[in-house]
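In what follows, a single structure is set out as structure tokens and then discussed.
Counting starts at 1 for both ligands and their atoms, in listed order. Nothing fancy with the numbering, it's 1 onward along the sequence.
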Amino acid sequence: LASRELKKQDTIVPVGRVRIGGNRVVVIAGPCAVESREQIMEAAQAVREGGAVLLRGGAFKPRTSPYSFQGLGEEGLKLLKEAGEKYDLPIVTEIVGTDYADLMNDYVDVFQIGARNMQNFELLKRVGSLGKPVILKRGLSATIEEWLMAAEYLMAHGSDNVILCERGIRTFETYTRNTLDLSAIPVVKKLSHLPVLVDPSHGTGLREKVHPMALAAVAAGADGLMVEVHPHPEQALSDGPQSLLPDQFEKLMRDLQALSPVI
Ligand code: PEP
Ligand code: MN
């Protein structure tokens, strides 16, 4: 179902007034995690002013350490929705387990399947059956074939609106947190009709590398970007070192506009 052989024209995923895919670049931005009302409101205002069209923020965080901040849970969903409504931005948030599906369905505009859950097939089946748009991140060690098969799971269980997201893979290189595989963009674009986003924040793990890799992703044909932005990254409870400051985000958006039409 995800194959270009079956469907020649590009899939365009509608999310409210936003269209993901087609000839305009979409930018999804927001903090790694929802931390407080003040933080998510400030972040939402900043990304809206910069030109993002969807707001991201995790309420259930899949952290490497069980002792790290795990997210605000349902309270985080409420705050994210409140911020999205205030700034007229549909919301994107990660689902980490099938148990959360009913709860989250009441809040979320776009589900995110995180890299660590890319091959959680029971989760893919459940989220696919909800019928809402889904952003499917590439697994840390997943081949493109495996990634597309995970998309196939979502589609086989009822989701027509799958959006792929390259977020870096695990290699021997340590200067960046992950190695952002930009060559995946033209490869996937040829194999599949689904839209492809790039997440240069997790892809590099370093704030100063986000700008160049975001521009490179769009130059390579990405349909959009997912970027972490935090009003005070030094105080962030997760992924502070890779989060852009609001003025850095604004500068990125200006440079992107010069490269390609951004909605
Ligand atoms: C995130 O988007 O905050 C996240 C945890 O992403 P990934 O699953 O790509 O690591
Ligand atoms: Mn993050």
Side-chain angles (χ1 to χ4, degrees), residues 26-35 39-40 43 47 52 54-66 68-73 76-77 79-80 91-97 100 104 108-120 123-124 127 133-142 144 146-147 150-151 154 162-171 176-182 184-185 188 196-207 209-210 213-214 217 222 224-245 249:
V26 297
V27 178
I28 302 171
C32 181
V34 180
E35 298 170 1
Q39 174 249 16
I40 192 64
V47 305
L54 274 83
L55 176 65
R56 64 147 288 146
F60 298 92
K61 295 302 301 177
R63 302 303 299 282
T64 299
S65 164
S68 300
F69 176 61
Q70 302 283 306
L72 296 179
L77 296 176
L79 294 173
L80 185 65
I91 57 172
V92 181
T93 196
E94 178 170 353
I95 179 162
V96 293
Y100 303 108
M104 293 185 74
V108 171
D109 298 300
V110 179
F111 281 102
Q112 176 173 321
I113 303 276
R116 288 155 193 82
N117 273 314
M118 189 205 82
Q119 283 188 316
N120 181 338
L123 183 62
L124 296 173
V127 173
V134 187
I135 293 175
L136 177 65
K137 293 247 191 144
R138 182 179 180 182
L140 279 79
S141 308
I144 289 171
E146 288 163 341
W147 187 21
L154 289 165
V162 177
I163 303 146
L164 300 164
C165 182
E166 162 62 40
R167 49 76 72 208
I169 51 176
R170 189 60 69 83
T171 70
T176 49
R177 178 181 178 187
N178 292 290
T179 297
L180 189 59
D181 181 12
L182 292 183
I185 303 164
V188 168
V196 184
L197 305 180
V198 168
D199 172 350
S201 306
H202 294 88
T204 64
L206 300 163
R207 182 178 305 124
K209 307 287 187 269
V210 170
M213 297 315 282
L225 300 169
M226 177 182 276
V227 182
E228 286 187 340
V229 178
H230 195 293
H232 308 284
E234 71 290 351
Q235 291 164 23
L237 299 178
S238 65
D239 289 348
Q242 68 193 31
S243 299
L244 295 185
L245 288 149
F249 178 66

- Task: For salt bridge (Lys or Arg N to Asp or Glu O under 4.0 Å), just list the numbers for Arg56 and Glu228, CA-CA rounded to whole Å, side-chain angles, deciding distance to a tenth of an Å, and then say yes or no.
- Result: CA-CA 8 Å; Arg56 64 147 288 146; Glu228 286 187 340; 3.4 Å; yes

for atom 5 (C) of ligand 1, nearest protein heavy atom and its distance come out as Glu94 OE1, 3.7 Å

Flag Arg116 as yes when one of its N or O atoms lies below 3.5 Å from any N or O atom of ligand 1, and as no otherwise.
yes

The answer for which part of Met226 has a heavy atom under 4.0 Å from ligand 1 is neither

The atoms of ligand 1 lying under 4.0 Å from a heavy atom of Arg167, numbered in the order shown, are 7 (P), 9 (O), 10 (O)

Given the options Val229, Val27, Ile28, Val227, Val47 meets side chain to side chain contact (heavy atoms under 4.5 Å, CB included) only with Val229

Residue, atom and distance of the protein heavy atom nearest atom 2 (O) of ligand 1 read Arg56 NH1, 2.7 Å

Within a 6.0 Å radius of atom OH on Tyr100, are there more than 12 heavy atoms belonging to other residues, nucleotides or ligands? no

Determine, stepwise, if the pair Ile95 / Asn117 fulfils side chain to side chain contact (heavy atoms under 4.5 Å, CB included). CA-CA 9 Å; Ile95 179 162; Asn117 273 314; over 6 Å; no

| Side chains of Phe60 and Leu77: closer than 4.5 Å at any heavy-atom pair? | yes

Should Leu140 and Arg167 be marked as a side chain to side chain contact (heavy atoms under 4.5 Å, CB included) after you check the CA-CA gap, both sets of side-chain angles, and the distance that decides it? CA-CA 8 Å; Leu140 279 79; Arg167 49 76 72 208; 3.7 Å; yes

Under 4.0 Å from one or more heavy atoms of Gly114, ligand 1 contributes atoms 8 (O)

re atom 6 (O) of ligand 1, the protein heavy-atom contact at minimum distance is Lys137 NZ, 2.9 Å

Of Val108, Leu55, Leu54, the one forming a side chain to side chain contact (heavy atoms under 4.5 Å, CB included) with Val92 is Leu54

Near Glu228 (heavy-atom distance under 4.0 Å), the atoms of ligand 1 are 3 (O)

Q: Please indicate whether any nitrogen or oxygen in Asp239 is less than 3.5 Å from any nitrogen or oxygen in ligand 1.
A: no

Distance filter < 2.8 Å from the Mn ion (ligand 2), protein N/O/S hits 4

So the atoms of ligand 1 within less than 4.0 Å of a heavy atom of Cys32 turn out to be 3 (O)

Heavy-atom side-chain proximity of Val188 to Glu166 below 4.5 angstrom = no

Atom 4 (C) of ligand 1 sits nearest the protein heavy atom His202 NE2, 3.4 Å

Atom 8 (O) of ligand 1 has as its nearest protein heavy atom Ala115 N, 2.7 Å

- Query: Is the closest heavy-atom distance from Lys61 to ligand 1 below 4.0 Å?
  - Reply: yes

Within a strict 4.5 Å, meaning less than it, do heavy atoms of the His230 and Glu35 side chains meet?
-> yes

Between the side chains of Asp239 and His202, is a donor N or O closer than 3.5 angstrom to an acceptor N or O?
-> yes

Legend entry - Test side chain to side chain contact (heavy atoms under 4.5 Å, CB included) applied to Ile135 and Glu94, step by step: CA-CA 9 Å; Ile135 293 175; Glu94 178 170 353; over 6 Å; no

From the list Arg177, Arg207, Lys209, side chain to side chain donor-acceptor pair (under 3.5 Å) with Gln242 holds only for Arg177

